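Okay, structure first, notes after.
Everything numeric in this text was worked out from a predicted model, so none of it was measured.
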Amino acid sequence: MQKEYLSRAVELASENIDQGGGPFGAVIVRKGEVIAEAANRVTLDNDPTAHAEVEAIRKAGRAIGNFDLSDCEIYASCEPCPMCLGAIYWARIPVVYYASNRNEAEQAGFDDSLIYDELAKLPEQRTINMERIREESAEALFSKWKEKTDKTAY
């Protein structure tokens, strides 16, 4: 079945190219059932976060009514980029199957090496100017969160 799900992710990517989108697709499976699938929508929606994996994660969460996808698997047409990998970790998906790797994506013009390199740097050393500004009311947010008794932990 894994091959079938991965083939579907690749098929979604191919169809998306034909529709003017990027060459990426993703399928999320839970207990042997496809609960979400998506293709890259970055250029179609003018949304830089609309990667296939992120779109599929959003759909899967809505489909099962939970942000915790720890009983799911994700199949992607390509090795997830840093943003998608972060989303996969946040969704608690324990396994990722992918077809193409990041080097193949780079050869097609999708180079994430800058982001991988930037993540290893301290905030003040990154290409994007990052500067902490202390704000007392913001510092109280974590105390407020810790004291909340009816919160949904994540």
Ile88 reachable from Tyr98 in the ILVMFWY side-chain graph, under 4.5 Å edges: yes
Connected via hydrophobic side-chain network under 4.5 Å: Val95 and Leu6: yes
Set of side chain to side chain donor-acceptor pair (under 3.5 Å) partners for Lys146, sequence neighbours left out: none
Lys59 side, atom NZ; Ile64 side, atom CD1 - distance, nearest 0.5 Å: 15.5 Å
Aromatic ring pairing Phe110/Phe24, orientation class (parallel under 30°, perpendicular over 60°, tilted between): perpendicular
Qualifying residues under side chain to side chain donor-acceptor pair (under 3.5 Å), relative to Arg134, sequence neighbours excluded: Glu139
Closest heavy-atom pair and its distance - Cys78, Asn101: SG-O, 3.8 Å
Common cluster, Ile57/Val96, ILVMFWY with side-chain heavy-atom separation under 4.5 Å: yes
Intermediate values then yes/no, salt bridge (charged side-chain N to carboxylate O under 4.0 Å, His left out), Glu33 and Arg30: CA-CA 5 Å; Glu33 178 186 345; Arg30 181 180 190 224; over 6 Å; no
Lys121: partners by side chain to side chain donor-acceptor pair (under 3.5 Å), with sequence neighbours left out: Glu118
Nearest non-hydrogen partners of Leu12 and Ala26, listed with the distance: CD1-O, 3.7 Å
Ile74 and Glu53, any side-chain heavy atoms less than 4.5 Å apart: yes
Approximate separation, where rounding is to 0.5 Å, of Glu79 CD and Glu104 CD: 9.5 Å
Contacts of Lys151 that satisfy side chain to side chain contact (heavy atoms under 4.5 Å, CB included) - sequence neighbours left out: Trp145, Lys148
Residue pair Asp112 / Arg102, side-chain heavy-atom distance below 4.5 Å: no
Minimal non-hydrogen separation, Leu85 against Pro80, with atom names: N-CB, 4.0 Å
Donor-acceptor under 3.5 Å (Tyr75 side chain, Glu4 main chain): no
Spacing of CZ belonging to Arg41 relative to CG belonging to Asn46, to within rounding of 0.5 Å: 10.5 Å
Closest non-hydrogen atom pair, Arg92 against Phe67: NH1-CE1, 3.4 Å
Within-4.5 Å side-chain heavy-atom neighbours: Asn40 and His51: yes
Residues in side chain to side chain contact (heavy atoms under 4.5 Å, CB included) contact with Leu119, at least two apart in sequence or another chain: Pro82, Ile115
Atom pair CD1/CG of Ile93 and Leu69 - distance to nearest 0.5 Å: 5.0 Å
Heavy-atom closest pair, residues Ala39 and Asn16: CB-CG, 3.5 Å
Which atom of Gly25 lies closest to which atom of Ala13, heavy atoms considered: N-CB, 3.6 Å
Basic-acidic side-chain contact under 4.0 Å: Glu55, Arg58: yes
Heavy-atom side-chain proximity of Tyr97 to Glu73 below 4.5 angstrom: yes
Results of side chain to side chain donor-acceptor pair (under 3.5 Å) for Asp47 - residues two or more places apart only: Thr49
Spatial distance of atom OG (Ser7) from atom CD (Gln2) [nearest 0.5 Å]: 11.5 Å
Nearest-0.5 Å distance that lies between atom CG in Asp117 and atom OG1 in Thr127: 9.0 Å
